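What you see is a predicted model, and the numbers here were worked out from it, not measured in a lab. Both counts, for ligands and for their atoms, begin at 1 and track the order of listing.
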Amino acid sequence: MTKLAIMGAMEEEIEPLLEHFKNIKITEFANNKYYELNYNGLDIVVAYSKIGKVFASLTASTMIEKFGCDTLLFSGVAGGINPKLKIGDLIIANKLCQHDLDITAFGHPHGYVPEGSVYVETSKELIEVAKIVASENGIKVIEGTIATGDQFVHSMERKEFIESTFKADALEMEGASVAVVCDALNVPFFVLRAISDTADMDAGFDFDEFLKSSAKNSADYLIKIVNKLNK
Ligand code: ADE
């Protein structure tokens with residue numbers, strides 16, 4: 001690893017990360033800010049993309065192609081589907097899919113387009129490091145499938161569709177698009193999320209209530225992983 005990308009979607013998701021860093025150089029590019037820094041000898045670029053798959057793809061591509069990042073870690077919040085996941089709990093994706101990608105009219109499965117695949121897998125090596133860090137620090141994290149779409153999900157009907165169609169454990173609005181970019185550009189990556197809501201009727205309320213604390217849970221764990229990667 002020569003340069004690490006750390007991404008979130010919202011300012012609240014990267015704020016608790018930036019607090020760990022000093023001497024940050026800000027570069028503006030394509031209507032976004034990129035925070036460049038050196039952390040214990042490791043070059044890092046931090047950015048939040050804005051919400052949704054399109055902005056997340058742009059930011060991930062920029063971090064890799066313009067800034068030269070060769071590993072990418074995503075940190076943020078998600079809606080929980082797996083009943084084991086309570087608000088504040090951590091999930092690390094072993095694969096991601098796009099729940100709103102739909103050309104079923106042509107006989108294809110949900111989440112599939114020709115020359116693509118329903119699921120994109122994350123780096124087994126990075127997950128291994130994350131698990132070691134979790135066990136060393138007594139952090140509880142589950143590994144599972146994350147479904148991504150350009151929708152804030154706040155209904156049982158949509159949540160159950162995503163659960164039954166993709167066997168997803170959590171859902172959010174950026175991860176799978178970052179996965180597609182990293183996979184295409186051969187950049188090892190992972191997506192870490194802390195639960196802010198359970199994508200049901202109360203999701204909007206819970207999200208507002210728990211965005212900050214859950215984003216911090218994710219960021220605190222992510223920093224420990226970065227420390228381990230940099231050993
Ligand atoms: N991120 C956090 N909660 C979410 C939800 N309910 N839907 C989509 N993205 C989310």
List, pair by pair, the atoms of ligand 1 and of the protein that are both N or O and lie under 3.5 Å apart, giving the separation rounded to 0.1 Å.
from: ligand 1; atom 1: 3 (N); to: Gly79; atom 2: N; distance (Å): 3.3
from: ligand 1; atom 1: 3 (N); to: Asp197; atom 2: OD1; distance (Å): 3.4
from: ligand 1; atom 1: 3 (N); to: Asp197; atom 2: OD2; distance (Å): 2.6
from: ligand 1; atom 1: 6 (N); to: Val153; atom 2: O; distance (Å): 2.9
from: ligand 1; atom 1: 6 (N); to: Asp197; atom 2: OD1; distance (Å): 2.9
from: ligand 1; atom 1: 7 (N); to: Val153; atom 2: N; distance (Å): 2.9

Table please: side-chain donor-acceptor pairs of residues 95-117 below 3.5 Å, with sequence neighbours left out.
from: Lys95; atom 1: NZ; to: Thr145; atom 2: OG1; distance (Å): 3.0
from: Gln98; atom 1: OE1; to: Lys53; atom 2: NZ; distance (Å): 2.7
from: His99; atom 1: ND1; to: Arg158; atom 2: NH2; distance (Å): 2.9
from: His99; atom 1: NE2; to: Gly149; atom 2: N; distance (Å): 3.3
from: Asp100; atom 1: OD1; to: Lys53; atom 2: NZ; distance (Å): 2.7
from: Asp100; atom 1: OD2; to: Asp150; atom 2: N; distance (Å): 2.8
from: Asp102; atom 1: OD1; to: Thr104; atom 2: N; distance (Å): 2.9
from: Asp102; atom 1: OD1; to: Thr104; atom 2: OG1; distance (Å): 2.6
from: Ser117; atom 1: OG; to: Tyr119; atom 2: O; distance (Å): 2.9

task = Decide yes or no for Leu192 and Phe74: does some side-chain heavy atom of the first lie under 4.5 Å from some side-chain heavy atom of the second?
result = no
Heavy-atom check, side chain of Lys140 versus side chain of Asp89, under 4.5 Å = yes
Chi angles and distances behind the salt bridge (Lys or Arg N to Asp or Glu O under 4.0 Å) call for Glu174, Arg193 = CA-CA 11 Å; Glu174 297 82 19; Arg193 297 278 188 171; 2.9 Å; yes
Asn38 side chain vs Gly41 backbone, donor-acceptor pair below 3.5 Å = yes
ask   = Val120 and side chain to side chain contact (heavy atoms under 4.5 Å, CB included): which partner among Asp183, Val178, Thr148, Val181?
value = Asp183
